[in-house]
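What follows is a set of notes on a single structure, which appears directly below.
Heavy-atom basis, side chains included; hydrogens, waters and symmetry copies ignored.
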Amino acid sequence: ARELDEQDGACASQRDSAACLALRDAPPGALWNATVGFWDFSAEHTGGVLARATNVSEAGCSELTPALHVAPSHFTDAVGILGPAVLAPPACKKDTMWDSADPAGVTARSFLASVGEVEAVQFD
């Protein structure tokens with residue numbers, strides 16, 4: 001596994017090229033200290049609950065299950081500045097995978113793909 005501050009010649013900052021060049025020569029830990037959001041998209045870093053009352057869907061939207069309960073609903077932010085990456089269901093979930101009576105129907109883990117020890121989030 002690569003360390004966050006391991007140099008590989010690539011840019012280490014998304015701000016601008018000057019910041020990138022400065023971080024190449026920065027002391028260990030500098031990149032982590034400049035990081036504002038870091039999400040590990042794996043099952044062990046999921047959490048939270050997303051719930052919606054039964055009377056919140058769009059007018060004219062006839063969902064099979066008007067209530068919405070998603071748990072776990074997000075991936076945690078290890079830095080704690082930007083906050084968790086939260087799933088955002090559509091305003092009207094009719095005819096989507098979100099419209100399910102199964103309480104475990106759609107969760108943050110529903111979007112995980114794995115090849116052995118490595119997990120990642122996959123959307124299409």
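Counting only heavy atoms from C-beta outward, the side chains of His69 and Val49 approach each other to under 4.5 Å. Annotation: side chain of Phe41 is not in contact with side chain of Thr46 (no heavy-atom distance under 4.5 Å). When side chains are defined from C-beta on, Trp98 counts as touching Leu87, because their heavy atoms get closer than 4.5 Å.
The backbone N or O of Pro84 lies less than 3.5 Å from no partner atom in the side chain of Asp77, so there is not a single donor-acceptor pair. Under the 3.5 Å distance criterion, the side-chain polar atoms of Thr35 are left unmatched by any main-chain donor or acceptor of Gly37. Judged purely by atom type and a 3.5 angstrom limit, Arg109 has no side-chain atom pairing as donor or acceptor with the backbone of Ala71.
Other members of a hydrophobic cluster containing Val86 are absent, since no ILVMFWY side chain comes under 4.5 Å of it, directly or through relayed contacts. Leu64 belongs to no hydrophobic cluster with other residues, because no ILVMFWY side-chain heavy atom falls under 4.5 Å from its own, directly or through intermediates.
Atoms CD and CD, from Glu44 and Glu119 in turn, are 8.0 Å apart once rounded to the nearest 0.5 Å. Atom CG in Leu112 sits 7.5 Å away from atom OG1 in Thr107 (nearest 0.5 Å).
Closest of all the heavy-atom pairs between Ser73 and Ala108 is C-CB, 4.2 Å. The heavy-atom pair separating Val70 from Val106 by the smallest distance is CG1-O, 3.2 Å. Between Trp39 and Phe75, the shortest heavy-atom contact is CD1-O, 3.5 Å. The shortest non-hydrogen separation linking Leu68 to Pro89 is CD2-CG, 3.4 Å. Across every non-hydrogen atom of Ala113 and Gln122, the tightest pair is CB-OE1, 3.8 Å.
Take Asp40 and apply the side-chain contact (heavy atoms from CB on, under 4.5 Å) test, not counting sequence neighbours, and it matches Ser42, His45. Evaluation of the side chain to side chain donor-acceptor pair (under 3.5 Å) rule for Thr76 yields no partner, not counting sequence neighbours. In this structure, Ser110 has no side chain to side chain donor-acceptor pair (under 3.5 Å) partners at least two apart in sequence or on a different chain.
For residues 82-95, the side chain to side chain donor-acceptor pair (under 3.5 Å) pairs, not counting sequence neighbours, are Thr65-Lys93, Lys93-Asp99.
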